[in-house]
Amino acid sequence: MQVVKYVFQPHGDERGQLVSLEEYNDIPFEIKRVYYMYSTVEGAVRGHHAHKSLQQILFCVHGSCKVLLDNGREKKVVPLEKPYEGLYVANNMWREMYDFSPDAVLMVLASEPYNEADYIRDYDEFLKYVNVTKAEE
Ligand code: T46
């Protein structure tokens with residue numbers, strides 16, 4: 001499984017850092033939604049689902065967390081620890097976010113508005129959707 005982690009160039013000067021993200025230039029899709037999560041409780045695991053169409057890029061703009069990516073056949077754990085790193089999460093990819101530091105702010109740029117019908121929240125249903133049989137797992 002190929003993991004795509006973008007490393008953006010911060011514009012730093014004596015005042016600090018600034019990262020700019022433009023749709024199509026830096027982000028490979030039109031940005032239709034931005035959301036972020038913070039004050040994540042110690043030990044909490046978020047995600048536990050896949051999306052049929054949605055593409056996203058995840059940034060831990062403050063603090064750190066880990067993201068488990070699972071395409072049904074292979075799993076990879078990707079740490080997000082730098083505010084200038086963005087993890088691309090394609091559609092048809094199971095994801096779980098965990099190990100949030102108490103100060104973590106996880107910001108997500110999404111290719112579509114919120115749509116509950118796009119979620120696959122059952123892991124067996126996900127395996128069926130991506131045509132993976134239990135024996136292949
Ligand atoms: C994803 C991972 C990385 C909204 O009303 N609008 C929104 O845009 C979102 C994302 C959520 N919500 C509501 C739906 C739930 O009542 O916020 C509540 C928490 O959402 P959820 O349990 O889906 O959050 P996570 O952290 O498990 O997953 C989220 C995204 O939903 C998901 O698309 O890929 O972050």
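We number each residue from 1, following the sequence as shown. Read the numbers this way: they start at 1 and go in the same order the structure lists the ligands and their atoms. Worth saying up front: this structure is predicted, and the values here are computed from it rather than measured.
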Original post:
Atom CG in L54, atom CE in M93: separation rounded to 0.5 Å?
Top reply: 13.0 Å
Subject >> Y129/F126 aromatic ring centres below 6.0 Å >> reply: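 So the answer is no for these two rings.
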Original post:
Closest heavy-atom contact between S64 and E81?
Top reply: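 What the structure gives for the nearest pair is CB-CG, 4.0 Å.
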Original post:
Which pairs with one or both residues in residues 97-121 pass salt bridge (charged side-chain N to carboxylate O under 4.0 Å, His left out), sequence neighbours excluded?
Top reply: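 Non-adjacent pairs meeting salt bridge (charged side-chain N to carboxylate O under 4.0 Å, His left out): K32-E112, K66-D99, E116-R121.
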**OP:** Using salt bridge (Lys or Arg N to Asp or Glu O under 4.0 Å) as the criterion, list what pairs up with E74, not counting sequence neighbours.
**Re:** K76
Distance dump, ligand 1 polar atoms to protein, N/O, under 3.5 Å:
unit_1, atom_1, unit_2, atom_2, d
ligand 1, 8 (O), R33, NH1, 2.5
ligand 1, 23 (O), R121, NH2, 3.4
ligand 1, 24 (O), R46, NH2, 3.4
ligand 1, 26 (O), R46, NE, 2.7
ligand 1, 26 (O), R46, NH2, 3.4
ligand 1, 27 (O), G47, N, 2.8
ligand 1, 31 (O), Y119, OH, 2.5
ligand 1, 33 (O), Y35, OH, 3.4
ligand 1, 33 (O), H51, NE2, 2.6
ligand 1, 33 (O), Y119, OH, 3.2
ligand 1, 34 (O), H49, NE2, 3.4
ligand 1, 34 (O), Q56, NE2, 2.6
ligand 1, 34 (O), R95, NH1, 2.7
ligand 1, 35 (O), Y35, OH, 3.2

Original post:
Who passes ring-ring contact (aromatic ring centres under 6.0 Å, His included) against F59, sequence neighbours left out?
Top reply: F8
